[in-house]
Amino acid sequence: MDIVKPSILPGFMELLPADQLLFNRMLDTIRLNYEKFGFLPIDTPIIEKSEILLAKGGGETEKQIYRFNKGDTDLSMRFDLTVPLARYVALHASDLTFPFRRYQLGKVFRGERNQKGRFREFYQCDIDIIGNGQLSILNDAEIPSVIYSTFKDLGFESFTIRINNRKVLNGFFSALALPNKADVLRIIDKLDKIGPEAVINELRELGIEESAILRLMTFIQLKGSNEEVLTKLKAMGLDDPEFNLGLEELSKVIHHVGLLNVPEENYQIDLTIARGLDYYTGTIYETILNDYPSIGSVCSGGRYDNLAGYYTKQQLPGVGISIGLTRLFYQLKEANFFEIENPAPSEVLIVPLGDTVDYALNVAQKLRTQGVSLQIYYEDGKIAKKLGYADKLSIPWVVLLGENEVAENMVTLKNLQTGEQKSLGLDEAVRLIQTT
RNA sequence: GUGGGUGUGGCGAAGUGGUUAACGCACCGGGUUGUGGCUCCGGCAUUCGUGGGUUCAAGCCCCAUCACCCACCCCA
């Protein structure tokens, strides 16, 4: 029989156990933080009716979505968690309590061309706050504090939550009477990546006047502390109503983020971030790790006026963000971010020698009730192999149980890091394990 | 969708026309059956993505094909 070559599809990440352990820890950290802020968990199907996911139609999503038929049903795999959320809220609105704070950790799928750090199946970790009819701008200020708390817990020291407001951008573009706002948005979003010269060139290609380009460039390159930037924006004295509304929102958000104890160095107004997704209408966020700038944004989101317009007549404004955990993990791994290379599956490996299994099982039960995590090596073989097992899995302690131990009702506890070993009573062994 | 690159054992990788295809990692066995991580010894590709061609001779040259990767676009 021919062997089928074991392989997985490109763009689908799978990990070895040691890495999976690290990945899951990150997932747990994120979940814990989301719950700390009162977000409720939901889970939605990975596959939805195509009409639901493609309600918006057109654009990138339609090209990238995995779509297929089963019988007569037209199915699609979710490409983010926001569209399913919209459907969920519209469907269950009468059973939900608003403002609805939900979190969701799950895999999403995008049939994209392959590239570094880009996956076809990846985890998104979303939080969103959905209002019924209206939603206070203070929610927009709370989101960065969730990001801050989460990223701190994930072990990041230096990161910047960039904050901007679509209304400020749009209002400014209106004031300049720019015809193709969407294109301009797209171009200035690239400032960081391609630099001011290239941005200016692209703007020229769009046919924008030199004077407008000049004002645009000064605008998006406004520098200073958050307060300084706000002051400069106000000093521009534009009378565009959208601009002024956006500016007011931005001021409130910045002010309250500070009151939520997010350090000044961790959030910053950045007028260049635009976010491609066209459903954002106000505040937008993008988080970058300062030590790993090449990773790009690892957590982004924003405010949208009406989440579920395709599925209900109710006006449901919301604000939320998503952490792209698969990309984040992959890139951190590449950058050797993780200090623990081999997290141990358990504290102890029990190794019965000879015919001592009964005694070993007894010891195992007692250790487990004392809260010691352990596993038992049942296979026959040389001791070298058994110790090698513990060694490869980085299990720090081995409990050796042979005829002598059974006879004396003791255990031999070996510390694999130091090589020391002692004959001890069970209670002493537990104490040693738990205090070392 | 557009442009570029690469394809050698489980993985990384040398090899740029000439006898048995380096090396490293991983894996397996052993250095006398109650002691690992270190070290030492031994084993592990009839074969170089696939198909065809050039040649006395091809992993190395040519053509085709497939696969994967990188970049643009867009995004997490």
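The figures here come from the full heavy-atom set of this structure, side chains too, leaving out hydrogens, waters and symmetry mates. Just so we're on the same page: letters track the sequence lines, and every chain starts at 1. Since we're looking at a predicted model, the values are computed, not measured.
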(message) Please find the pair of heavy atoms, one from A:M410 and one from A:G425, that lie closest to each other, and give the distance.
(response) SD-N, 4.0 Å
(message) In this structure, how many angstroms lie between the P atom of B:rC73 and the CD atom of A:Q64, rounded?
(response) 14 Å
(request) Calculate the interatomic distance between A:E112 atom CD and B:rC70 atom P; express it in whole Å. (result) 13 Å
(request) With C1' as the reference atom in both, quote the distance from B:rA58 to B:rG42 in angstrom, rounded to an integer. (result) 33 Å
(message) Quick check for you: among B:rC74, B:rC27, B:rC75, whose closest atom lies nearest to any side-chain atom of A:R327?
(response) B:rC75
(message) Given the structure, check if the side chain of A:Q331 and the base of B:rA76 hold any donor-acceptor pair shorter than 3.5 Å.
(response) no
(request) Please determine if a side-chain N or O atom of A:T326 lies less than 4.0 Å away from the OP1 or OP2 oxygen of B:rA76. (result) no
(message) Taking B:rC63 as the reference, what is the distance to B:rA22 when you measure between their C1' atoms (whole Å, please)?
(response) 31 Å
(message) Quick check on the 6.0 Å ring-centre criterion: do A:Y103 and A:F37 meet it?
(response) no
(message) I'd like the C1' distance from B:rG53 over to B:rG17, given in whole Å.
(response) 15 Å
Which atom pairs link the protein and nucleotides 65-69 of chain B when you take only N or O atoms and keep those under 3.5 Å?
| unit_1 | atom_1 | unit_2 | atom_2 | d |
| --- | --- | --- | --- | --- |
| B:rC69 | OP1 | A:N114 | OD1 | 3.4 |

(message) Just to be sure I understand the rule, does A:K190 reach a base, reach only the sugar-phosphate, or reach nothing, if contact means heavy atoms closer than 4.0 Å?
(response) sugar-phosphate
(request) Name all residues meeting the ring-ring contact (aromatic ring centres under 6.0 Å, His included) criterion together with A:Y88; count only those two or more places apart in sequence or in a different chain, and write none if there are none. (result) A:H92
(request) Round to a whole Å and report the spacing from CD of A:E14 to P of B:rC11. (result) 14 Å
(message) Taking B:rC25 as the reference, what is the distance to B:rU20 when you measure between their C1' atoms (whole Å, please)?
(response) 24 Å
Under 3.5 Å, N/O pairs linking protein and nucleotides 32-38 of chain B:
| unit_1 | atom_1 | unit_2 | atom_2 | d |
| --- | --- | --- | --- | --- |
| B:rG34 | O6 | A:E403 | N | 3.3 |
| B:rG34 | O6 | A:N404 | N | 3.3 |
| B:rG34 | O6 | A:N404 | ND2 | 3.4 |
| B:rG34 | N1 | A:E405 | OE1 | 3.1 |
| B:rG34 | N1 | A:E405 | OE2 | 3.4 |
| B:rG34 | N2 | A:E405 | OE2 | 3.0 |
| B:rU35 | O2 | A:K414 | NZ | 3.1 |
| B:rU35 | O2 | A:Q421 | OE1 | 3.4 |
| B:rU35 | N3 | A:Q421 | OE1 | 2.7 |
| B:rU35 | N3 | A:Q421 | NE2 | 3.3 |
| B:rU35 | O4 | A:Q421 | NE2 | 2.7 |
| B:rG36 | N1 | A:L416 | O | 2.6 |
| B:rG36 | N2 | A:D391 | OD1 | 2.8 |
| B:rG36 | N2 | A:L416 | O | 2.9 |
| B:rG37 | O4' | A:D391 | OD2 | 3.0 |
| B:rG37 | N2 | A:Q417 | O | 3.2 |

(request) Please measure how far the C1' atom in B:rC44 lies from the corresponding atom in B:rC23, and state the result in whole Å. (result) 15 Å
(request) Would you kindly give the CD1-to-C1' distance between A:I194 and B:rC73, to the nearest whole Å? (result) 13 Å
(message) Taking B:rC38 as the reference, what is the distance to B:rG31 when you measure between their C1' atoms (whole Å, please)?
(response) 14 Å
(message) Under the criterion of centre distance below 5.5 Å and interplanar angle below 30°, is A:F119 classified as stacked on the base of B:rA76?
(response) no
(message) So A:Y123, base contact, sugar-phosphate only, or nothing? Heavy-atom distance under 4.0 Å.
(response) nothing
(request) Check ring-ring contact (aromatic ring centres under 6.0 Å, His included) between A:Y267 and all other residues, then give those that pass, not counting sequence neighbours. (result) none
(request) For A:D43, enumerate each residue passing the salt bridge (charged side-chain N to carboxylate O under 4.0 Å, His left out) test, keeping only those at least two apart in sequence or located in another chain. (result) none
(message) Once side-chain hydrogen bond (donor to acceptor under 3.5 Å, both in side chains) is applied, what residue pairs with a partner in residues 383-397 of chain A remain, sequence neighbours excluded?
(response) A:Q375-A:Y389
(message) Taking ring-ring contact (aromatic ring centres under 6.0 Å, His included) as the definition, give me every residue that meets it alongside A:Y330, ordered by chain and number, with sequence neighbours left out.
(response) A:F119
(message) Strictly by salt bridge (Lys or Arg N to Asp or Glu O under 4.0 Å), give each pair with a member in residues 177-187 of chain A just once, sequence neighbours left out.
(response) A:D183-A:R186
(request) Kindly say whether, by distance alone, the side chain of A:R110 makes a donor-acceptor pair under 3.5 Å with the base of B:rA76? (result) yes
(request) Give the intermediate values and the outcome of salt bridge (Lys or Arg N to Asp or Glu O under 4.0 Å) for residues A:R25 and A:D28. (result) CA-CA 5 Å; A:R25 282 184 190 175; A:D28 291 342; over 6 Å; no
(request) Sticking with atom P, work out how far B:rG49 lies from B:rC72, rounded to a whole angstrom. (result) 29 Å
(message) In whole Å, I'd like the distance from the CG atom of A:D189 to the P atom of B:rC73.
(response) 11 Å
(request) Figure out the CZ/C1' separation between A:F23 and B:rA76, and round it to whole Å. (result) 12 Å
(request) Applying side-chain hydrogen bond (donor to acceptor under 3.5 Å, both in side chains), name anything that partners A:R102, two or more places apart in sequence or on another chain. (result) A:Q104, A:D128
(message) What I'd like to find out is whether the side chain of A:I47 reaches to under 4.5 Å of the side chain of A:F68, using heavy atoms alone.
(response) yes
(request) Check ring-ring contact (aromatic ring centres under 6.0 Å, His included) between A:F329 and all other residues, then give those that pass, not counting sequence neighbours. (result) A:F23, A:F338
(message) Suppose you measure atom P in B:rG30 against the same atom in B:rC66; what distance do you get, rounded to whole Å?
(response) 49 Å
(request) Find the distance A:I321:CD1 to B:rA76:C1' and express it as a whole number of Å. (result) 11 Å
(message) Tell me the interatomic distance from A:I187, atom CD1, to B:rC74, atom C1', rounded to whole angstroms.
(response) 15 Å
(message) Show me the pairs that pass salt bridge (Lys or Arg N to Asp or Glu O under 4.0 Å) and involve residues 44-55 of chain A, at least two apart or across chains.
(response) A:E48-A:R87
(message) Expected output check: what is the dot-bracket annotation of RNA chain B, where ( ) and [ ] are pairs inside the strand (brackets for crossing ones), | is paired with another strand, and pairs are Watson-Crick or G-U under 3.5 Å?
(response) ((((((((.[[[..)..(....]]].(((((.......))))).....[[[[[..)....]]]]])))))))....
